[in-house]
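Data first, discussion second: the structure below is written as C-alpha coordinates.
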Amino acid sequence: MKSKVLGLVVRVAIVALSMVPAAIAQNAITNWNNIAITAARASKAPGSATPGAASIYVAYMQLAVYNAVNAIEGGFEPYKYSLKAPAGSSGDAAAIQAAYETLRPLLPDQQSYLDGQYNDPVVGIASVPDGQAKTNGQMVGHASAIALLALRAGDGLGANVPYSFPSVPVPGVWILTPGATAPQTPWVGQMRPFTFDDPAKFLPKPPPDLGSDTWVNDYNQVKSVGAIKSTERTPQQTEIAFFWTEHTTAQYGRLLRGKVAELNLSLQDTARLFAMAYAASADGIIGCYNAKYHYSVWRPVTAIRNGDIDGNPDTIADAGWTPLATTPAHPEYPSAHSCLTGALADILKSYFGTPNFQISLFSPATNTTHTFNNIRDWQTEMEFARIYAGFHYHFSVVQGLTLGHKVAHHLVHNYFRPVRAERDRDGDKDDSENSSEEHER
(Lines give C-alpha, C1' and ligand atoms only; values in the text may rest on other atoms or scores of the structure.)
Protein backbone atom coordinates (compact mmCIF):
# COMPACT_ATOMS: atom_id res chain seq x y z
CA MET A 1 0.00 0.00 0.00
CA LYS A 2 2.81 2.40 0.83
CA SER A 3 4.23 2.23 -2.69
CA LYS A 4 0.80 2.99 -4.13
CA VAL A 5 0.42 6.05 -1.93
CA LEU A 6 3.89 7.35 -2.60
CA GLY A 7 3.46 6.91 -6.35
CA LEU A 8 0.41 9.07 -6.78
CA VAL A 9 2.09 12.42 -6.85
CA VAL A 10 2.75 12.43 -10.60
CA ARG A 11 -0.94 12.66 -11.47
CA VAL A 12 -1.39 16.40 -11.00
CA ALA A 13 0.17 19.56 -12.31
CA ILE A 14 0.84 21.99 -9.46
CA VAL A 15 1.30 25.64 -10.29
CA ALA A 16 2.47 28.09 -7.64
CA LEU A 17 0.61 31.38 -7.65
CA SER A 18 1.46 34.71 -6.11
CA MET A 19 -2.18 35.62 -5.59
CA VAL A 20 -5.73 34.32 -5.89
CA PRO A 21 -6.73 33.94 -9.56
CA ALA A 22 -8.21 37.04 -11.15
CA ALA A 23 -11.97 37.49 -11.12
CA ILE A 24 -13.84 36.15 -14.14
CA ALA A 25 -17.13 37.13 -15.72
CA GLN A 26 -20.17 35.87 -13.85
CA ASN A 27 -23.95 35.90 -14.15
CA ALA A 28 -26.65 36.57 -11.55
CA ILE A 29 -26.58 33.00 -10.27
CA THR A 30 -22.82 32.71 -9.93
CA ASN A 31 -22.71 36.13 -8.27
CA TRP A 32 -25.22 35.03 -5.64
CA ASN A 33 -23.54 31.69 -5.20
CA ASN A 34 -20.43 33.58 -4.13
CA ILE A 35 -22.53 35.86 -1.92
CA ALA A 36 -24.22 32.85 -0.30
CA ILE A 37 -20.95 31.09 0.50
CA THR A 38 -19.45 34.31 1.87
CA ALA A 39 -22.49 34.90 4.09
CA ALA A 40 -22.63 31.29 5.28
CA ARG A 41 -18.97 31.29 6.29
CA ALA A 42 -19.41 34.55 8.22
CA SER A 43 -22.65 33.52 9.91
CA LYS A 44 -23.19 32.06 13.35
CA ALA A 45 -26.18 30.04 12.10
CA PRO A 46 -25.77 26.40 13.20
CA GLY A 47 -22.93 24.80 11.25
CA SER A 48 -23.12 27.30 8.39
CA ALA A 49 -19.42 28.13 8.55
CA THR A 50 -18.24 24.52 8.48
CA PRO A 51 -16.83 23.12 5.21
CA GLY A 52 -19.56 20.52 4.75
CA ALA A 53 -22.72 22.01 6.26
CA ALA A 54 -22.18 25.27 4.38
CA SER A 55 -23.21 23.39 1.24
CA ILE A 56 -26.57 22.63 2.87
CA TYR A 57 -27.34 26.34 3.30
CA VAL A 58 -26.30 27.04 -0.27
CA ALA A 59 -28.49 24.18 -1.51
CA TYR A 60 -31.65 25.89 -0.23
CA MET A 61 -30.82 28.96 -2.25
CA GLN A 62 -29.80 27.14 -5.43
CA LEU A 63 -33.00 25.08 -5.44
CA ALA A 64 -35.18 28.17 -5.05
CA VAL A 65 -33.23 29.89 -7.81
CA TYR A 66 -33.54 26.85 -10.08
CA ASN A 67 -37.32 26.66 -9.75
CA ALA A 68 -37.68 30.40 -10.33
CA VAL A 69 -35.54 30.41 -13.49
CA ASN A 70 -37.02 27.15 -14.73
CA ALA A 71 -40.55 28.55 -14.34
CA ILE A 72 -39.55 31.30 -16.78
CA GLU A 73 -37.37 29.35 -19.19
CA GLY A 74 -38.95 25.89 -18.96
CA GLY A 75 -37.46 22.69 -20.32
CA PHE A 76 -36.76 20.77 -17.12
CA GLU A 77 -38.71 19.19 -14.32
CA PRO A 78 -39.28 21.54 -11.38
CA TYR A 79 -37.93 20.61 -7.97
CA LYS A 80 -40.92 19.39 -5.92
CA TYR A 81 -43.14 22.45 -6.54
CA SER A 82 -44.34 24.26 -9.64
CA LEU A 83 -44.58 27.98 -10.35
CA LYS A 84 -46.26 29.99 -13.07
CA ALA A 85 -44.36 32.87 -14.61
CA PRO A 86 -45.75 35.64 -16.83
CA ALA A 87 -44.34 35.57 -20.34
CA GLY A 88 -41.22 37.64 -20.71
CA SER A 89 -40.31 37.66 -17.02
CA SER A 90 -36.69 38.46 -16.27
CA GLY A 91 -34.70 35.41 -15.27
CA ASP A 92 -32.00 37.58 -13.71
CA ALA A 93 -34.52 39.35 -11.50
CA ALA A 94 -36.09 36.03 -10.53
CA ALA A 95 -32.71 34.52 -9.62
CA ILE A 96 -31.61 37.50 -7.54
CA GLN A 97 -34.94 37.77 -5.71
CA ALA A 98 -35.11 34.04 -4.98
CA ALA A 99 -31.54 33.97 -3.72
CA TYR A 100 -31.97 37.01 -1.49
CA GLU A 101 -35.28 35.97 0.05
CA THR A 102 -34.10 32.42 0.69
CA LEU A 103 -30.85 33.41 2.37
CA ARG A 104 -32.19 36.13 4.67
CA PRO A 105 -34.18 33.87 7.04
CA LEU A 106 -31.55 31.11 6.91
CA LEU A 107 -28.70 33.45 7.89
CA PRO A 108 -30.41 36.10 10.05
CA ASP A 109 -27.18 37.58 11.37
CA GLN A 110 -26.09 38.30 7.79
CA GLN A 111 -29.10 40.40 6.83
CA SER A 112 -27.10 43.64 6.67
CA TYR A 113 -24.58 42.06 4.30
CA LEU A 114 -27.32 40.48 2.18
CA ASP A 115 -29.29 43.73 2.03
CA GLY A 116 -26.16 45.49 0.80
CA GLN A 117 -25.60 42.90 -1.92
CA TYR A 118 -29.25 42.98 -2.95
CA ASN A 119 -29.08 46.76 -3.41
CA ASP A 120 -25.67 46.71 -5.07
CA PRO A 121 -25.74 48.19 -8.59
CA VAL A 122 -23.54 45.40 -10.00
CA VAL A 123 -24.77 42.16 -8.39
CA GLY A 124 -28.08 43.30 -6.91
CA ILE A 125 -31.57 43.87 -8.22
CA ALA A 126 -30.56 47.30 -9.52
CA SER A 127 -28.44 45.55 -12.13
CA VAL A 128 -31.65 44.47 -13.90
CA PRO A 129 -33.29 47.17 -16.06
CA ASP A 130 -36.54 48.51 -14.64
CA GLY A 131 -39.76 47.46 -16.32
CA GLN A 132 -42.51 44.88 -16.25
CA ALA A 133 -40.10 42.02 -17.01
CA LYS A 134 -38.12 42.89 -13.89
CA THR A 135 -41.23 43.25 -11.74
CA ASN A 136 -42.59 39.93 -12.94
CA GLY A 137 -39.25 38.23 -12.39
CA GLN A 138 -39.12 39.51 -8.83
CA MET A 139 -42.60 38.11 -8.23
CA VAL A 140 -41.51 34.70 -9.49
CA GLY A 141 -38.35 34.75 -7.37
CA HIS A 142 -40.33 35.77 -4.30
CA ALA A 143 -42.84 32.97 -4.86
CA SER A 144 -40.07 30.41 -5.27
CA ALA A 145 -38.28 31.43 -2.08
CA ILE A 146 -41.50 31.28 -0.07
CA ALA A 147 -42.41 27.87 -1.52
CA LEU A 148 -38.94 26.39 -0.95
CA LEU A 149 -38.77 27.55 2.67
CA ALA A 150 -42.28 26.19 3.32
CA LEU A 151 -41.33 22.88 1.71
CA ARG A 152 -38.31 22.57 3.99
CA ALA A 153 -40.00 23.69 7.21
CA GLY A 154 -39.17 21.36 10.10
CA ASP A 155 -36.48 19.52 8.13
CA GLY A 156 -34.04 19.45 11.04
CA LEU A 157 -31.70 22.25 9.99
CA GLY A 158 -29.75 23.24 13.09
CA ALA A 159 -31.84 21.03 15.38
CA ASN A 160 -30.61 20.17 18.87
CA VAL A 161 -29.41 16.59 18.44
CA PRO A 162 -27.60 15.25 21.51
CA TYR A 163 -24.70 12.88 21.02
CA SER A 164 -22.99 10.86 23.73
CA PHE A 165 -19.40 9.65 23.52
CA PRO A 166 -16.83 8.22 25.93
CA SER A 167 -14.61 10.52 27.95
CA VAL A 168 -11.64 8.13 27.75
CA PRO A 169 -10.35 5.97 24.88
CA VAL A 170 -12.43 2.89 24.07
CA PRO A 171 -11.31 0.53 21.27
CA GLY A 172 -12.68 1.71 17.94
CA VAL A 173 -14.91 4.46 19.37
CA TRP A 174 -14.67 8.18 18.64
CA ILE A 175 -13.82 10.62 21.41
CA LEU A 176 -12.98 14.31 21.27
CA THR A 177 -9.71 14.86 19.45
CA PRO A 178 -7.06 17.45 20.37
CA GLY A 179 -8.43 20.97 19.97
CA ALA A 180 -12.08 19.87 19.81
CA THR A 181 -14.57 21.04 22.43
CA ALA A 182 -17.73 19.36 21.12
CA PRO A 183 -18.79 17.03 18.30
CA GLN A 184 -19.42 19.02 15.14
CA THR A 185 -23.00 19.32 13.83
CA PRO A 186 -24.49 15.92 14.73
CA TRP A 187 -27.85 17.34 13.56
CA VAL A 188 -26.65 17.18 9.95
CA GLY A 189 -26.96 13.40 9.94
CA GLN A 190 -30.55 13.54 11.16
CA MET A 191 -32.02 16.23 8.92
CA ARG A 192 -34.29 15.43 5.99
CA PRO A 193 -32.29 15.18 2.74
CA PHE A 194 -33.26 17.17 -0.34
CA THR A 195 -33.61 14.32 -2.85
CA PHE A 196 -34.64 11.34 -0.70
CA ASP A 197 -36.40 10.91 2.62
CA ASP A 198 -34.17 8.81 4.87
CA PRO A 199 -30.70 10.15 5.73
CA ALA A 200 -29.59 6.52 6.18
CA LYS A 201 -30.69 5.54 2.64
CA PHE A 202 -27.08 5.03 1.53
CA LEU A 203 -25.59 3.96 4.86
CA PRO A 204 -22.25 2.30 4.04
CA LYS A 205 -21.27 -1.13 5.28
CA PRO A 206 -19.69 -1.27 8.77
CA PRO A 207 -16.01 -0.34 9.05
CA PRO A 208 -13.44 -3.15 9.16
CA ASP A 209 -13.14 -5.19 12.33
CA LEU A 210 -10.18 -4.25 14.52
CA GLY A 211 -8.80 -7.74 14.00
CA SER A 212 -8.86 -7.57 10.21
CA ASP A 213 -5.98 -7.18 7.78
CA THR A 214 -7.69 -4.08 6.35
CA TRP A 215 -7.60 -2.41 9.75
CA VAL A 216 -3.94 -3.25 10.24
CA ASN A 217 -2.92 -2.07 6.77
CA ASP A 218 -4.85 1.18 6.91
CA TYR A 219 -3.82 1.94 10.50
CA ASN A 220 -0.14 1.53 9.66
CA GLN A 221 -0.49 3.45 6.41
CA VAL A 222 -1.86 6.61 8.02
CA LYS A 223 0.51 6.18 10.95
CA SER A 224 3.42 6.25 8.52
CA VAL A 225 2.48 8.93 5.97
CA GLY A 226 0.04 11.01 8.06
CA ALA A 227 2.32 11.91 10.98
CA ILE A 228 3.43 15.49 11.37
CA LYS A 229 7.07 14.35 11.37
CA SER A 230 6.66 11.58 8.79
CA THR A 231 9.82 10.55 7.00
CA GLU A 232 7.79 8.58 4.42
CA ARG A 233 5.66 11.43 3.09
CA THR A 234 7.28 13.47 0.31
CA PRO A 235 7.26 17.30 0.19
CA GLN A 236 4.82 17.14 -2.72
CA GLN A 237 2.48 14.89 -0.74
CA THR A 238 2.69 17.32 2.17
CA GLU A 239 1.61 20.12 -0.18
CA ILE A 240 -1.24 17.94 -1.41
CA ALA A 241 -2.37 17.29 2.16
CA PHE A 242 -2.52 20.99 3.02
CA PHE A 243 -4.04 21.91 -0.36
CA TRP A 244 -7.13 19.88 0.49
CA THR A 245 -7.61 21.46 3.92
CA GLU A 246 -9.25 24.48 2.34
CA HIS A 247 -12.94 25.10 3.09
CA THR A 248 -14.57 22.55 0.79
CA THR A 249 -17.73 24.48 -0.09
CA ALA A 250 -15.72 27.60 -0.89
CA GLN A 251 -13.20 25.70 -3.02
CA TYR A 252 -15.84 23.84 -5.00
CA GLY A 253 -17.90 27.00 -5.38
CA ARG A 254 -14.98 28.57 -7.22
CA LEU A 255 -14.71 25.45 -9.38
CA LEU A 256 -18.37 25.62 -10.39
CA ARG A 257 -18.36 29.36 -11.04
CA GLY A 258 -15.22 28.98 -13.10
CA LYS A 259 -16.82 26.27 -15.25
CA VAL A 260 -19.85 28.47 -15.90
CA ALA A 261 -17.61 31.31 -17.09
CA GLU A 262 -15.30 29.02 -19.07
CA LEU A 263 -18.19 27.44 -20.97
CA ASN A 264 -20.34 30.59 -21.08
CA LEU A 265 -23.34 28.70 -19.73
CA SER A 266 -26.74 30.35 -19.98
CA LEU A 267 -28.64 31.44 -16.89
CA GLN A 268 -30.93 28.41 -17.25
CA ASP A 269 -28.05 25.96 -17.60
CA THR A 270 -26.28 27.54 -14.65
CA ALA A 271 -29.41 27.24 -12.53
CA ARG A 272 -29.75 23.55 -13.30
CA LEU A 273 -26.06 22.73 -12.83
CA PHE A 274 -25.94 24.50 -9.47
CA ALA A 275 -29.20 22.94 -8.25
CA MET A 276 -27.87 19.48 -9.10
CA ALA A 277 -24.42 20.15 -7.65
CA TYR A 278 -25.59 21.59 -4.34
CA ALA A 279 -28.51 19.21 -3.78
CA ALA A 280 -26.12 16.29 -4.28
CA SER A 281 -23.40 17.87 -2.15
CA ALA A 282 -25.85 18.59 0.66
CA ASP A 283 -27.33 15.11 0.55
CA GLY A 284 -23.87 13.59 0.40
CA ILE A 285 -22.96 15.43 3.60
CA ILE A 286 -26.24 14.50 5.27
CA GLY A 287 -25.78 10.81 4.44
CA CYS A 288 -22.14 11.01 5.49
CA TYR A 289 -22.85 12.51 8.90
CA ASN A 290 -25.62 10.00 9.44
CA ALA A 291 -23.02 7.27 8.98
CA LYS A 292 -20.39 9.09 11.04
CA TYR A 293 -22.57 9.36 14.12
CA HIS A 294 -24.06 5.91 13.54
CA TYR A 295 -20.71 4.10 13.52
CA SER A 296 -18.73 6.60 15.65
CA VAL A 297 -15.29 5.40 14.55
CA TRP A 298 -12.18 6.71 16.28
CA ARG A 299 -9.83 9.03 14.43
CA PRO A 300 -6.22 8.03 13.70
CA VAL A 301 -4.93 10.45 16.38
CA THR A 302 -6.89 8.50 19.00
CA ALA A 303 -6.35 5.03 17.55
CA ILE A 304 -2.60 5.36 17.08
CA ARG A 305 -1.97 6.85 20.50
CA ASN A 306 -3.95 3.94 21.94
CA GLY A 307 -2.99 1.14 19.55
CA ASP A 308 -2.30 -1.14 22.49
CA ILE A 309 -6.00 -1.37 23.47
CA ASP A 310 -7.49 -2.60 20.17
CA GLY A 311 -6.53 -6.23 20.80
CA ASN A 312 -4.40 -6.43 17.66
CA PRO A 313 -0.65 -7.05 18.06
CA ASP A 314 0.05 -5.58 14.62
CA THR A 315 -1.11 -2.07 15.52
CA ILE A 316 1.72 -0.72 17.65
CA ALA A 317 0.82 2.30 19.77
CA ASP A 318 2.67 5.61 19.57
CA ALA A 319 1.57 7.80 22.48
CA GLY A 320 3.11 10.90 20.93
CA TRP A 321 1.72 10.49 17.41
CA THR A 322 0.35 13.73 15.95
CA PRO A 323 -1.30 14.18 12.54
CA LEU A 324 0.06 16.61 9.98
CA ALA A 325 -3.01 18.85 10.29
CA THR A 326 -5.58 19.41 13.02
CA THR A 327 -8.23 16.68 13.01
CA PRO A 328 -11.84 17.81 12.36
CA ALA A 329 -14.19 17.45 15.33
CA HIS A 330 -16.45 14.64 14.13
CA PRO A 331 -16.19 10.84 13.86
CA GLU A 332 -13.93 9.32 11.25
CA TYR A 333 -16.06 7.00 9.11
CA PRO A 334 -16.72 7.76 6.31
CA SER A 335 -14.68 10.72 5.09
CA ALA A 336 -16.87 13.83 4.70
CA HIS A 337 -14.66 15.38 2.05
CA SER A 338 -14.92 12.14 0.07
CA CYS A 339 -18.71 12.05 0.35
CA LEU A 340 -19.01 15.60 -0.94
CA THR A 341 -16.38 15.16 -3.65
CA GLY A 342 -17.84 11.88 -4.86
CA ALA A 343 -21.28 13.46 -5.16
CA LEU A 344 -20.07 16.54 -7.00
CA ALA A 345 -17.77 14.56 -9.31
CA ASP A 346 -20.56 12.30 -10.50
CA ILE A 347 -22.92 15.26 -10.99
CA LEU A 348 -20.33 16.94 -13.21
CA LYS A 349 -19.75 13.71 -15.12
CA SER A 350 -23.47 13.36 -15.76
CA TYR A 351 -24.08 17.01 -16.58
CA PHE A 352 -21.23 17.29 -19.08
CA GLY A 353 -21.64 13.75 -20.40
CA THR A 354 -18.02 12.70 -19.84
CA PRO A 355 -15.52 12.21 -17.01
CA ASN A 356 -12.75 13.60 -19.21
CA PHE A 357 -12.55 17.36 -18.89
CA GLN A 358 -10.10 19.70 -17.23
CA ILE A 359 -10.59 20.63 -13.58
CA SER A 360 -8.55 23.41 -12.01
CA LEU A 361 -8.75 24.07 -8.30
CA PHE A 362 -7.04 26.80 -6.30
CA SER A 363 -6.30 26.55 -2.57
CA PRO A 364 -5.35 29.55 -0.43
CA ALA A 365 -4.05 27.04 2.12
CA THR A 366 -1.03 26.45 -0.15
CA ASN A 367 -1.43 29.32 -2.64
CA THR A 368 -1.30 26.80 -5.48
CA THR A 369 -3.54 25.54 -8.26
CA HIS A 370 -3.91 21.84 -9.08
CA THR A 371 -5.09 20.90 -12.56
CA PHE A 372 -6.55 17.51 -13.50
CA ASN A 373 -7.50 16.14 -16.90
CA ASN A 374 -10.38 14.02 -15.61
CA ILE A 375 -12.53 13.54 -12.53
CA ARG A 376 -10.86 10.26 -11.55
CA ASP A 377 -7.50 11.93 -11.01
CA TRP A 378 -9.19 14.72 -9.03
CA GLN A 379 -10.90 12.21 -6.75
CA THR A 380 -7.77 10.09 -6.36
CA GLU A 381 -5.64 12.99 -5.19
CA MET A 382 -8.28 14.12 -2.70
CA GLU A 383 -8.61 10.51 -1.51
CA PHE A 384 -4.97 10.19 -0.54
CA ALA A 385 -4.68 13.77 0.70
CA ARG A 386 -6.89 12.85 3.66
CA ILE A 387 -4.41 10.10 4.58
CA TYR A 388 -1.38 12.36 4.13
CA ALA A 389 -3.03 14.87 6.49
CA GLY A 390 -3.49 12.18 9.13
CA PHE A 391 -7.29 12.50 9.13
CA HIS A 392 -8.50 9.20 7.70
CA TYR A 393 -7.93 5.52 7.01
CA HIS A 394 -8.03 4.44 3.39
CA PHE A 395 -11.21 2.38 3.81
CA SER A 396 -12.99 5.53 4.98
CA VAL A 397 -12.18 7.65 1.96
CA VAL A 398 -13.16 4.82 -0.39
CA GLN A 399 -16.55 4.39 1.27
CA GLY A 400 -17.08 8.15 1.35
CA LEU A 401 -16.61 8.38 -2.40
CA THR A 402 -18.98 5.45 -2.90
CA LEU A 403 -21.67 7.10 -0.78
CA GLY A 404 -21.32 10.33 -2.75
CA HIS A 405 -21.54 8.48 -6.06
CA LYS A 406 -24.75 6.76 -4.98
CA VAL A 407 -26.33 10.04 -3.91
CA ALA A 408 -25.50 11.63 -7.27
CA HIS A 409 -26.70 8.60 -9.20
CA HIS A 410 -30.05 8.71 -7.40
CA LEU A 411 -30.42 12.44 -8.06
CA VAL A 412 -29.62 12.21 -11.76
CA HIS A 413 -32.23 9.49 -12.25
CA ASN A 414 -34.98 11.27 -10.33
CA TYR A 415 -34.57 15.07 -10.43
CA PHE A 416 -33.88 17.99 -12.78
CA ARG A 417 -34.53 15.89 -15.87
CA PRO A 418 -35.47 17.33 -19.27
CA VAL A 419 -39.21 17.50 -19.80
CA ARG A 420 -40.20 15.04 -22.53
CA ALA A 421 -43.82 14.40 -23.38
CA GLU A 422 -42.92 10.91 -24.48
CA ARG A 423 -41.01 10.03 -21.30
CA ASP A 424 -41.60 6.50 -20.16
CA ARG A 425 -41.21 6.89 -16.42
CA ASP A 426 -40.95 3.16 -15.91
CA GLY A 427 -37.86 3.28 -18.06
CA ASP A 428 -36.34 5.94 -15.82
CA LYS A 429 -36.85 4.12 -12.54
CA ASP A 430 -34.35 4.71 -9.75
CA ASP A 431 -31.67 2.04 -9.63
CA SER A 432 -29.30 3.92 -7.32
CA GLU A 433 -29.27 1.13 -4.77
CA ASN A 434 -28.08 -1.28 -7.45
CA SER A 435 -25.30 0.93 -8.71
CA SER A 436 -22.84 -0.52 -11.17
CA GLU A 437 -19.24 -1.14 -10.25
CA GLU A 438 -18.44 2.23 -11.81
CA HIS A 439 -20.25 3.92 -8.94
CA GLU A 440 -18.24 2.07 -6.35
CA ARG A 441 -15.19 4.28 -7.00
Side-chain angles (χ1 to χ4, degrees), residues 1 4-14 51-52 55 202 204 218 221-222 225 236-237 239-256 258-259 273 276-278 280-285 287-288 291 333-363 366 368-389 391-412 432 435-441:
M1 179 63 71
K4 179 180 179 183
V5 176
L6 299 180
L8 283 169
V9 296
V10 300
R11 308 189 78 175
V12 59
I14 303 177
S55 66
F202 299 114
D218 289 4
Q221 179 189 37
V222 68
V225 300
Q236 190 174 13
Q237 290 167 340
E239 190 277 342
I240 288 171
F242 283 120
F243 179 93
W244 291 100
T245 61
E246 204 223 330
H247 191 283
T248 315
T249 299
Q251 188 173 46
Y252 286 168
R254 288 195 304 272
L255 168 65
L256 289 165
K259 274 295 170 192
L273 171 61
M276 294 173 70
Y278 283 96
S281 296
D283 283 351
I285 287 295
C288 191
Y333 180 77
S335 159
H337 204 311
S338 300
C339 293
L340 198 156
T341 299
L344 179 59
D346 264 25
I347 289 297
L348 292 176
K349 180 174 70 173
S350 174
Y351 188 89
F352 293 116
T354 177
N356 299 313
F357 56 88
Q358 190 174 87
I359 298 150
S360 291
L361 288 159
F362 173 79
S363 175
T366 53
T368 55
T369 292
H370 291 196
T371 299
F372 310 90
N373 291 323
N374 56 69
I375 63 172
R376 178 174 289 276
D377 288 351
W378 160 32
Q379 291 177 97
T380 298
E381 184 184 275
M382 180 285 308
E383 175 183 337
F384 284 91
R386 310 316 274 174
I387 303 170
Y388 302 150
F391 293 165
H392 285 291
Y393 317 106
H394 188 240
F395 62 77
S396 183
V397 289
V398 170
Q399 288 301 315
L401 286 168
T402 298
L403 189 154
H405 294 162
K406 289 180 177 180
V407 166
H409 188 63
H410 172 83
L411 181 150
V412 166
S432 56
S435 301
S436 67
E437 187 64 27
E438 176 186 2
H439 288 276
E440 292 298 310
R441 285 286 291 114

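Two residues are said to be in side-chain contact when any heavy atoms from C-beta on lie closer than 4.5 Å; Met276 and Val412 meet this criterion.
A donor-acceptor contact shorter than 3.5 Å is absent between the side chain of Thr380 and the backbone of Asp377. Panel note: side chain Gln251, backbone Phe362; a donor-acceptor pair is recorded below 3.5 Å. Using modelled atom types, one side-chain atom of Thr402 and one backbone atom of Val398 make a donor-acceptor pair closer than 3.5 Å. At distances below 3.5 Å, at least one donor-acceptor pair connects side-chain atoms of Arg386 with backbone N or O atoms of Trp244. Using modelled atom types, one side-chain atom of Ser55 and one backbone atom of Gly52 make a donor-acceptor pair closer than 3.5 Å.
Note on ring orientation: taking the six-membered ring where Trp is involved, the planes of Tyr393 and Phe395 are parallel (angle under 30°, cut-offs 30° and 60°). Aromatic ring pairs are classed by plane angle as parallel below 30°, tilted from 30° to 60° and perpendicular above 60°; the pair His370 and Phe243 is parallel.
The closest side-chain donor-acceptor pair between Thr341 and Tyr252 falls under 3.5 angstrom.
The CG atom of Leu348 lies 6.0 Å from the CG atom of Leu256; values are rounded to the nearest 0.5 Å. Considering CD of Gln358 and CD1 of Ile375, their distance stands at 14.5 Å, rounded to 0.5 Å.
Taking the six-membered ring for Trp and the full ring otherwise, the centers of Tyr333 and His392 sit at least 6.0 Å from each other.
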